[in-house]
Student: 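This is the structure I have questions about; it appears just below.
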Amino acid sequence: MKRRKKKKKSGKMKKNKQVSVETDLALISARDQEKAEENDRFRSFISAQHPDIDSLVWEISTEVESEVDCTHCGNCCRSLMVTVEPEEVSVIAAREGCSEAAIKEKYFEESAGGTIIISRIPCHFLTGNSCTIYEDRFQTCRDFPYLHKEGFSRRLPFLLMHYGSCPIIYNVIERLKTATQFTLTSVP
């Protein structure tokens with residue numbers, strides 16, 4: 001989860017260049033159910049009509065991310081399986097003053113193939129809506145929701161899985177629908 005600056009305003013709607021940013025998690029979750037078919041059609045539309053949409057996604061996500069403070073939400077920490085690199089385990093061990101073996105046993109699981117993940121959801125390091133290791137958070141957490149990475153159209157099914165739980169994803173998808181002039185009749 002990336003730290004984003006948030007302008008303090010009343011209510012759950014934020015204004016940026018006359019565009020609202022929705023942060024009400026209950027409303028976003030409800031809209032996820034309401035818009036399931038629309039989002040499925042949008043996925044097909046993007047795949048067929050806009051496979052190279054990354055620059056537009058980056059532009060929109062930069063605007064949205066400037067208005068949403070992830071540290072006031074923490075929903076990703078309550079729902080994502082986080083992969084961890086061995087060197088990140090070392091950083092946490094040093095931070096906690098423990099051996100890597102003790103830290104692995106306490107916080108992580110490792111597959112036979114060597115993949116390390118956080119051993120529970122929600123994350124051990126989440127207190128309230130805040131990450132207790134924010135300065136040393138894992139790269140997976142730093143990168144979520146991955147809107148700055150290439151290949152948006154390939155990752156859209158994954159992103160839509162988090163549409164109802166991440167205000168950034170929700171708002172970027174909704175603005176992207178407008179920017180691409182998507183309608184329900186855009187795709188059969």
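These values consider heavy atoms only, across backbone and side chains, with no hydrogens, waters or symmetry-generated copies.
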Student: Which one of R31, K177, R43 satisfies the side-chain hydrogen bond (donor to acceptor under 3.5 Å, both in side chains) criterion with E38?
Tutor: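 It is K177, the one option of R31, K177, R43 that forms the side-chain hydrogen bond (donor to acceptor under 3.5 Å, both in side chains) with E38.
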
Student: Checking side-chain polar atoms at under 3.5 Å, does T140 have a donor or acceptor matched by the opposite partner on T83?
Tutor: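 T83 and T140 do have a side-chain donor-acceptor pair below 3.5 Å.
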
Student: Taking R142 for the side chain and R137 for the main chain, is one N or O donor matched with an acceptor at less than 3.5 Å?
Tutor: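 Such a contact is found between R142 side chain and R137 backbone.
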
Student: Between H162 and Y170 (judged by ring centroids, cut-off 6.0 Å), do the two rings come close enough to count as a pair?
Tutor: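 Between H162 and Y170, the centre distance exceeds or equals 6.0 Å.
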
Student: Is E100 paired with K104 through a side-chain N to carboxylate O contact shorter than 4.0 Å?
Tutor: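 No, no charged N to carboxylate O under 4.0 Å.
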
Student: On the ring face of F158, is R155 found with NZ or CZ under 6.0 Å from the centre and within 45° of the axis?
Tutor: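 No - R155 does not lie over the ring of F158 by the 6.0 Å and 45° rule.
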
Student: Got a sec: does the CD of Q181 have more than 12 other heavy atoms crowding it under 6.0 Å?
Tutor: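 Check fails, neighbour count at 12 or below.
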
Student: In a check of side-chain contact (heavy atoms from CB on, under 4.5 Å) between V21 and each of E65, E63, E67, which one passes?
Tutor: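 By the side-chain contact (heavy atoms from CB on, under 4.5 Å) criterion, V21 pairs with just one of E65, E63, E67: E67.
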
Student: Without swapping roles, check the side chain of D54 against the backbone of F152 for a donor-acceptor pair under 3.5 Å.
Tutor: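 Yes: the side chain of D54 pairs with the backbone of F152.
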
Student: Test your reading of the model: is there a side-chain donor-acceptor pair from D24 to the backbone of L27, 3.5 Å cut-off?
Tutor: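 A pair under 3.5 Å: yes.
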
Student: Is it the case that atom CD in E96 sees more than 12 heavy atoms from other parts of the structure closer than 6.0 Å?
Tutor: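 Enclosed: over 12 neighbouring heavy atoms sit under 6.0 Å from CD of E96.
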
Student: I'd like to know if the side chain of T62 reaches the main chain of W58, judged simply by a donor and an acceptor atom lying under 3.5 Å from each other, with no hydrogens or angles considered.
Tutor: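 Yes; at least one donor-acceptor contact below 3.5 Å.
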
Student: Is there a donor-acceptor contact under 3.5 Å linking the side chains of H124 and S119?
Tutor: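 A donor-acceptor contact under 3.5 Å links the two side chains.
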
